[in-house]
Amino acid sequence: KSGAKDDTSTTSVSMLGGLVFRYFLADQFYLSLNAGALYRSANTSVGGASAFKASSVGFLGTLGAGYLLKVGGGMFFVPAIGVGGYSLNTDTTSKVTSGTATSDVTVSTGEAGLAVRVELGFVFYASHNFNLFARPQALILSGTNKLKNPPAGVAETSTKTTTIDGGFDVGVSYVF
């Protein structure tokens with residue numbers, strides 16, 4: 001029908017949280033250990049009814065390095081990179097229609113692989129022990145996705161996957 005309104009909506013959310021430990025090898029060069037949890041959610045609705053849902057929960061860990069380039073006062077530009085691994089468990093629910101009946105079908109997958117974190121940001125040291133930071137970052141996950149508990153008659157297969165998430169960190173740190 002000409003001029004029909006598309007009533008499909010999609011919402012996606014990615015959240016990453018965790019702890020970061022830094023050890024300064026020199027005044028402005030540090031090594032870091034970043035360990036945390038990763039959560040992703042996606043939902044597609046058609047006509048107000050859910051047609052697709054996916055949620056992922058997992059862990060992420062990276063070892064990295066960064067360098068503080070003095071801008072002025074207590075302000076520093078901080079490029080950093082980290083490499084490590086990740087593991088995600090995902091449940092995907094879709095509407096399946098067979099004849100006149102519609103039902104929800106849930107499929108579970110596991111994913112694991114290489115994680116690379118790239119950060120470019122700023123840090124302001126208000127005192128020797130306290131700082132404020134803001135930095136954009138990219139998280140690149142490249143791994144293998146495998147179906148968990150495949151139904152009878154379905155071959156166990158794996159697929160390669162790569163995702164790139166971008167985000168923005170804002171926070172405070174206390175240095176011991």
Side-chain angles (χ1 to χ4, degrees), residues 6 8-45 50-93 108-146 159-176:
D6 182 8
T8 301
S9 66
T10 300
T11 305
S12 296
V13 174
S14 293
M15 294 189 312
L16 175 63
L19 297 174
V20 178
F21 301 96
R22 291 190 177 94
Y23 180 76
F24 281 82
L25 295 175
D27 282 344
Q28 294 169 304
F29 178 73
Y30 66 85
L31 296 178
S32 65
L33 170 64
N34 195 319
L38 177 61
Y39 173 78
R40 289 184 177 157
S41 176
N43 186 11
T44 299
S45 297
S50 180
F52 171 85
K53 286 185 200 176
S55 63
S56 302
V57 176
F59 298 97
L60 171 76
T62 58
L63 293 172
Y67 190 77
L68 286 81
L69 299 165
K70 191 166 182 95
V71 175
M75 181 70 75
F76 293 87
F77 174 67
V78 186
I81 189 162
V83 177
Y86 75 100
S87 175
L88 281 174
N89 291 310
T90 303
D91 289 329
T92 304
T93 303
S108 296
T109 59
E111 182 181 332
L114 175 72
V116 176
R117 180 191 304 260
V118 179
E119 301 173 351
L120 294 173
F122 289 94
V123 174
F124 175 71
Y125 279 85
S127 71
H128 181 68
N129 293 346
F130 181 75
N131 68 59
L132 306 167
F133 61 86
R135 58 183 166 248
Q137 65 175 304
L139 181 61
I140 303 160
L141 304 177
S142 182
T144 303
N145 193 328
K146 191 174 187 181
T159 57
K160 299 282 184 189
T161 179
T162 298
T163 59
I164 300 173
D165 288 315
F168 198 80
D169 261 352
V170 177
V172 297
S173 294
Y174 184 79
V175 179
F176 296 97

Enumerate the salt bridge (Lys or Arg N to Asp or Glu O under 4.0 Å) contacts for [range], please, sequence neighbours excluded, ordered by first and then second residue.
| range | answer |
| --- | --- |
| residues 134-144 | Glu119-Arg135, Arg135-Asp169 |
| residues 25-39 | none |
| residues 63-76 | none |

Under the side chain to side chain contact (heavy atoms under 4.5 Å, CB included) test, residues paired with [X] that sit two or more places apart:
| X | answer |
| --- | --- |
| Ala134 | Phe168, Val170 |
| Ala126 | Phe124, Phe130 |
| Ala138 | none |
| Thr161 | Tyr86, Glu111, Asn145, Thr163 |

Considering residues at least two apart in sequence or located in another chain, which fulfil the ring-ring contact (aromatic ring centres under 6.0 Å, His included) criterion with [X]?
| X | value |
| --- | --- |
| Tyr174 | Phe176 |
| Phe24 | Tyr30 |
| Phe76 | Tyr125 |
| Phe52 | none |

Heavy atoms only: give me the nearest [X]-[Y] pair and the separation to one decimal.
| X | Y | value |
| --- | --- | --- |
| Ser142 | Thr162 | OG-OG1, 3.3 Å |
| Ser12 | Ala42 | OG-CB, 4.0 Å |
| Thr62 | Gly82 | CB-C, 4.1 Å |
| Leu69 | Pro79 | CD1-CD, 4.3 Å |

Exercise. Is any side-chain heavy atom of Leu120 closer than 4.5 Å to a side-chain heavy atom of Phe77?
Worked result: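 Sidechains of Phe77 and Leu120: in contact.
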
Exercise. So, do Leu31 and Phe29 sit near enough that their side-chain heavy atoms are less than 4.5 Å apart?
Worked result: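 Leu31 vs Phe29: side chains touch.
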
Exercise. side-chain hydrogen bond (donor to acceptor under 3.5 Å, both in side chains) with Ser87: which residues, sequence neighbours excluded?
Worked result: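 Partners of Ser87 under the side-chain hydrogen bond (donor to acceptor under 3.5 Å, both in side chains) test: none.
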
For this session: Determine, step by step, whether Val57 and Asn89 satisfy the side-chain contact (heavy atoms from CB on, under 4.5 Å) criterion, reporting the C-alpha distance in whole Å, the side-chain angles of both residues, the deciding distance to 0.1 Å, and the verdict.
Result: CA-CA 6 Å; Val57 176; Asn89 291 310; 5.8 Å; no

For this session: Evaluate the side-chain hydrogen bond (donor to acceptor under 3.5 Å, both in side chains) criterion for residues Asp91 and Ser108: first the C-alpha distance (whole Å), next the side-chain angles of each, then the deciding distance (0.1 Å), finally the verdict.
Result: CA-CA 5 Å; Asp91 289 329; Ser108 296; 2.5 Å; yes

For this session: In sequence, state the C-alpha distance, the side-chain angles, and the governing distance for Lys146 and Thr109, and then conclude on side-chain contact (heavy atoms from CB on, under 4.5 Å).
Result: CA-CA 5 Å; Lys146 191 174 187 181; Thr109 59; over 6 Å; no

Problem set entry | Interatomic spacing from CG in Asp165 to CG in Leu16 - rounded to 0.5 Å |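 Output value for this atom pair is 9.0 Å.
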
For this session: Calculate, to the nearest 0.5 Å, the distance between atoms CD1 and CZ belonging to Ile140 and Arg117 respectively.
Result: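 Between atom CD1 of Ile140 and atom CZ of Arg117 there are 11.5 Å.
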
Exercise. Just one of Val20, Leu63, Leu60, Leu19 clears the side-chain contact (heavy atoms from CB on, under 4.5 Å) bar with Asn34, so which one?
Worked result: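 Among the candidates, only Val20 passes.
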
